[in-house]
Amino acid sequence: SRDFRVVVLGSAGVGKSALVQRWVRGNFREAYLPTIEDTYRQALGCSHKAGALHITDTTGGRRYRGLQRLAIARGHAFILVYSITRKQTLEELKPLYELIRQLKGNNPQKCPVILVGNKCDESRREVSEKEGAAYACEWNCAFLETSAKMNINVQELFQLLINFEKKPAAAA
Ligand code: GDP
Ligand code: MG
């Protein structure tokens, strides 16, 4: 099929579900609903011949490493989310990034990763934009700061993914 599977990864509470909800449904809720794994299917434009964007919203819990591994193995592109209000959540992405590279190889064109610093609406910041960008540079991936709450850069984030999908991997 022409489906393109995007996997959203990161620690609990960083706003993975909020980002996906914002994009898929256009809303935001304050209440925290722990996720195990949810999948969303969004049809791509008519030029995509029945293709769809599949978004897998994963859980951050260590107990679900097996599910995470499986989601990564099946994924075509990855969104790694941390919260700019908690430095630890950025550090916790490192093993996930390494697992992606281990399972998918080192070619960023074939397997794009986007690093996302969410909750950029918050004033109690622990991670500067510069620091986030430095990680992205080291990992050779795209970088965006977002707010699911205030709807900042959410459209841009998913548009980046859709653009990756349109570029044939063979061009790499
Ligand atoms: P997940 O565990 O990564 O899926 O995190 P959730 O999407 O469930 O969000 C965790 C908490 O952070 C919830 O209380 C959300 O309302 C809140 N949250 C999510 N995104 C944002 C954001 O962009 N800004 C702010 N201020 N809070 C957010
Ligand atoms: Mg969630």
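Sequence positions, counted from 1, serve as the residue numbers for this chain. All ligand and atom numbering here is 1-based and tracks the order in the structure.
If you check each of G15, G117, G10 against atom 9 (O) of ligand 1, the one with the closest non-hydrogen atom is G15. Between the choices K119, R29, R22, K16, the shortest heavy-atom distance to atom 17 (C) of ligand 1 belongs to K119.
Dense packing is recorded around CD of Q102, with more than 12 heavy atoms of other residues, nucleotides or ligands lying under 6.0 Å away.
When only non-hydrogen protein atoms are considered, atom 23 (O) of ligand 1 lies nearest to A148 N, 2.8 Å. Counting only heavy atoms of the protein, atom 19 (C) of ligand 1 lies nearest to A18 CB, 3.4 Å. When only non-hydrogen protein atoms are considered, atom 2 (O) of ligand 1 lies nearest to G13 N, 2.8 Å. Looking from atom 14 (O) of ligand 1 to the surrounding protein, the closest heavy atom is E30 O, 2.7 Å.
For ligand 1 and E122, the ligand atoms under 4.0 Å from any heavy atom of the residue are 26 (N). Using a 4.0 Å cut-off to heavy atoms of S147, the atoms of ligand 1 that qualify are 23 (O).
In terms of polar-atom proximity, F28 is not counted as a contact of ligand 1, lacking any N or O under 3.5 Å from an N or O of the ligand.
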Begin from the C-alpha positions of L9 and Y97 and carry the test side chain to side chain contact (heavy atoms under 4.5 Å, CB included) through to its verdict. CA-CA 9 Å; L9 296 156; Y97 173 77; over 6 Å; no
V8 vs V20, side chain to side chain contact (heavy atoms under 4.5 Å, CB included): CA-CA, chis, key distance, verdict: CA-CA 9 Å; V8 187; V20 175; 3.9 Å; yes
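In this structure, the side chains of W139 and R101 stay at 4.5 Å or more apart for every pair of heavy atoms. A 4.5 Å side-chain heavy-atom check between N153 and S147 finds every atom pair outside the cut-off. Side-chain contact between I84 and N118 is absent, with no heavy atoms from C-beta onward closer than 4.5 Å. Using a 4.5 Å cut-off on side-chain heavy atoms (C-beta onward), E126 and Q88 make no contact. The closest side-chain heavy-atom distance from E91 to Y135 is below 4.5 Å. Here the side chains of F143 and E129 are in contact, with some heavy-atom distance below 4.5 Å.
Shown are the protein N/O/S atoms under 2.8 Å from the Mg ion (ligand 2), given by residue and atom: S17 OG, T35 OG1.
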Side chains of residues 69-79: which donor-acceptor partners sit under 3.5 Å, not counting sequence neighbours?
from : atom 1 : to : atom 2 : distance (Å)
H76  : ND1    : R5 : N      : 2.8

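Distance alone, capped at 3.5 Å, is enough to place a donor-acceptor pair between the T89 side chain and the S83 backbone.
Using a non-hydrogen distance threshold of 4.0 Å, M150 does not register as a contact of ligand 1. Proximity of A12 to ligand 1 is established by a heavy-atom distance of less than 4.0 Å.
Contacts between S11 and ligand 1 below 4.0 angstrom, taking non-hydrogen atoms only, involve the backbone exclusively. Only the side chain of N118 comes within 4.0 Å of ligand 1, counting heavy atoms alone; its backbone N, CA, C and O stay farther away. Contacts between Q21 and ligand 1 below 4.0 angstrom, taking non-hydrogen atoms only, are absent altogether. Residue-level proximity to ligand 1 for K149 is carried by backbone and side chain together, each with a heavy atom below 4.0 angstrom. At a 4.0 Å heavy-atom cut-off, ligand 1 touches D121 through the side chain alone.
Summarising the geometry, atom CD belonging to Q155 is positioned 12.5 Å from atom OG1 belonging to T146; distances are rounded to the nearest 0.5 Å.
Between K149 and E30 there is a salt bridge, since at least one side-chain N of the basic residue sits less than 4.0 Å from a carboxylate O of the acidic one. Here R125 pairs with E145 in a salt bridge; the nearest charged N to carboxylate O distance falls below 4.0 Å.
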